[in-house]
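Okay, so here's the structure we're looking at.
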Protein chains: 2
Amino acid sequence: MPVEPPHPAEDVLEHVGYRLKRAHAALRGAMDKALREHGLTVPQYACLEVLAARPGMSNADLARATFVTRQSMNVVMRGLEDAGLIDRPGTVETGRARPADLTAEGRRLLHAAQESVYAIEARMTRAVPGQRLAALLEDFDRIAQALDG
Amino acid sequence: MPVEPPHPAEDVLEHVGYRLKRAHAALRGAMDKALREHGLTVPQYACLEVLAARPGMSNADLARATFVTRQSMNVVMRGLEDAGLIDRPGTVETGRARPADLTAEGRRLLHAAQESVYAIEARMTRAVPGQRLAALLEDFDRIAQALDG
DNA sequence: TCAACTATGTCAAAGTCCTGACATTGATTA
DNA sequence: TAATCAATGTCAGGACTTTGACATAGTTGA
């Protein structure tokens, strides 16, 4: 059992950043566990999920959407491509960006994984009082915006 | 410019998990940048910060407090020890847990880093309406608790 | 007492992610 | 038109983190 904080109000463990980190760690852990049963990692799942909502996104697009670097997304996509879950043209008429899309197998696996992940989402949603959910989402956005600038 | 979502309400990018991830990514990025100027990584800073509030914590304690594995914290602490920022006895009378403490240099560096980090904390705090801050912290805890169980 | 259980520290291997760098492509501008 | 700029994909290297495993130390209960 951890020691009790001597000065709660001044303790780091009470800070916004720490709480945010804690909530994110819990989410990450739950998703890791749920996705392992489907043979997916969190970044892989995120890539499939975004790609399902926005077909034809490029590597750089997906990297921005999932908050990783282009280089990281590059290896993620190569793994997904090797596994036959996504597909993209070897060459393209104009530009360098190759639009990616889910394969039938990718769509099937995503649907299976979504059941597990959406259950986690539901646990989060139920955990916060209903009338506060919209405000919570708004606060998330405010925080992200305040720190990105 | 990213494409607009076709069905906002059903889109993943609107989900709680995605927003949480986004806010956390923004925080992580801001802290990475701020701490680099002090020669610290986020896990290293987290270790020092927790250790300042709870002197004498062991490796396993710190790992739990900062949401990483014992193994990860082990390399973090070895780095901090080599850098002369923390100190712990080579052996201990009972048990295996070696209580760690900040050195004078560690305390000095932490204080310097705290200025940068607390400025980030302040940006977050200002970004959310004052009357919502307490509810936000509470919601963070509810989410963490709902997902840890 | 002794066996089972839990907790801790550590090692090894693999995966993941990042920084830095470079070449290519398209857009912008002088 | 030509030069500059921004964006993309990719490679290389290193840093970080995790999973898995093992030995050690303390606790619990038969």
Side-chain angles (χ1 to χ4, degrees), chain A residues 1-3 21 24-37 39-47 56-83 86 88-100, chain B residues 1-3 21 24-48 56-83 86 88-100:
Chain A
M1 178 188 305
V3 193
K21 186 175 178 179
H24 180 263
L27 171 61
R28 177 68 188 236
M31 289 189 65
D32 269 334
K33 182 180 172 187
L35 289 173
R36 190 165 320 137
E37 298 169 7
L40 287 175
T41 65
V42 169
Q44 285 175 335
Y45 167 80
C47 180
M57 284 184 97
S58 71
N59 179 33
D61 289 331
L62 287 163
R64 275 187 295 270
T66 58
F67 316 111
V68 296
T69 60
R70 294 196 307 271
Q71 295 88 328
S72 294
M73 182 51 68
N74 197 12
V75 326
V76 169
M77 291 189 75
R78 214 174 306 172
L80 291 174
E81 203 169 10
D82 290 346
I86 70 172
R88 40 181 185 171
T91 62
V92 70
E93 306 82 3
T94 175
R96 307 188 69 189
R98 290 184 291 156
Chain B
M1 179 187 304
V3 193
K21 185 175 179 180
H24 179 263
L27 171 60
R28 176 70 188 234
M31 287 188 66
D32 268 334
K33 183 180 171 188
L35 289 172
R36 190 167 352 203
E37 298 169 7
H38 298 279
L40 287 174
T41 65
V42 169
Q44 285 175 336
Y45 167 79
C47 180
L48 294 180
M57 283 184 96
S58 70
N59 179 33
D61 289 331
L62 287 163
R64 275 188 295 270
T66 57
F67 316 112
V68 297
T69 59
R70 291 197 307 273
Q71 295 88 326
S72 295
M73 182 52 68
N74 197 12
V75 326
V76 169
M77 290 188 75
R78 213 173 309 171
L80 291 174
E81 203 170 10
D82 290 346
I86 69 172
R88 39 180 187 172
T91 63
V92 69
E93 305 80 4
T94 174
R96 307 188 70 190
R98 290 184 291 156

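By convention in this document, chain letters (A, B, ...) are assigned in the order of the sequence lines, proteins followed by strands, and residues within each chain are numbered from 1.
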Taking atom CG of B:N59 and atom CZ of B:R88, what is their separation to the nearest 0.5 Å? 6.0 Å
Contact under 4.0 Å: A:S72 side-chain N or O vs C:dC18 OP1/OP2: yes
Rounding to an integer number of Å, can you tell me how far B:F67 CZ sits from D:dT18 P? 12 Å
Which part of the nucleic acid, if any, lies within reach of B:R28 when heavy atoms closer than 4.0 Å are counted: base, sugar-phosphate only, or nothing? nothing
Mark yes or no for whether A:R70, through its side chain, and A:A60, through its backbone, hold a donor-acceptor pair below 3.5 Å. no
Measure from CZ on B:R98 to P on D:dA25 and round the result to the nearest Å. 13 Å
Select one nucleotide: of C:dC17, C:dT19, C:dT8, the one nearest the side-chain heavy atoms of A:Q71. C:dT19
Atom pair CG/CD1 of B:L62 and B:I86 - distance to nearest 0.5 Å: 7.5 Å
Rounded distance in Å - CG (B:N74) to P (D:dT19): 16 Å
When rounded to the nearest 0.5 angstrom, what is the spacing between CE in A:M77 and SG in A:C47? 5.0 Å
Between CG of B:L80 and OG1 of B:T41, what distance do you get to the nearest 0.5 Å? 7.5 Å
Just to be sure I understand the rule, does B:V76 reach a base, reach only the sugar-phosphate, or reach nothing, if contact means heavy atoms closer than 4.0 Å? sugar-phosphate
Roughly, in whole Å, what's the span from CZ in A:R64 to P in C:dC17? 18 Å
For D:dG9, does OP1 or OP2 lie under 4.0 Å from any side-chain N or O of A:R88? no
A:R36 atom CZ is separated from C:dG15 atom P, nearest whole Å, by 14 Å
Which nucleotide in the set D:dG9, D:dC11, C:dG9 lies at the smallest distance from any side-chain heavy atom of A:R78? D:dC11
Residue whose nearest DNA chain C nucleotide is more 5′ - A:M73 or A:R70: A:M73
The residue, A:R96 or A:T69, whose nearest nucleotide of DNA chain C is more 5′ is A:T69
Atom CG of A:N59 and atom P of D:dC11 are separated, to the nearest Å, by 12 Å
Take the protein atom CG of A:L62 and the nucleotide atom P of D:dT10, then report the distance between them rounded to whole Å. 13 Å
B:M77 CE - C:dC11 C1' separation (whole Å): 17 Å
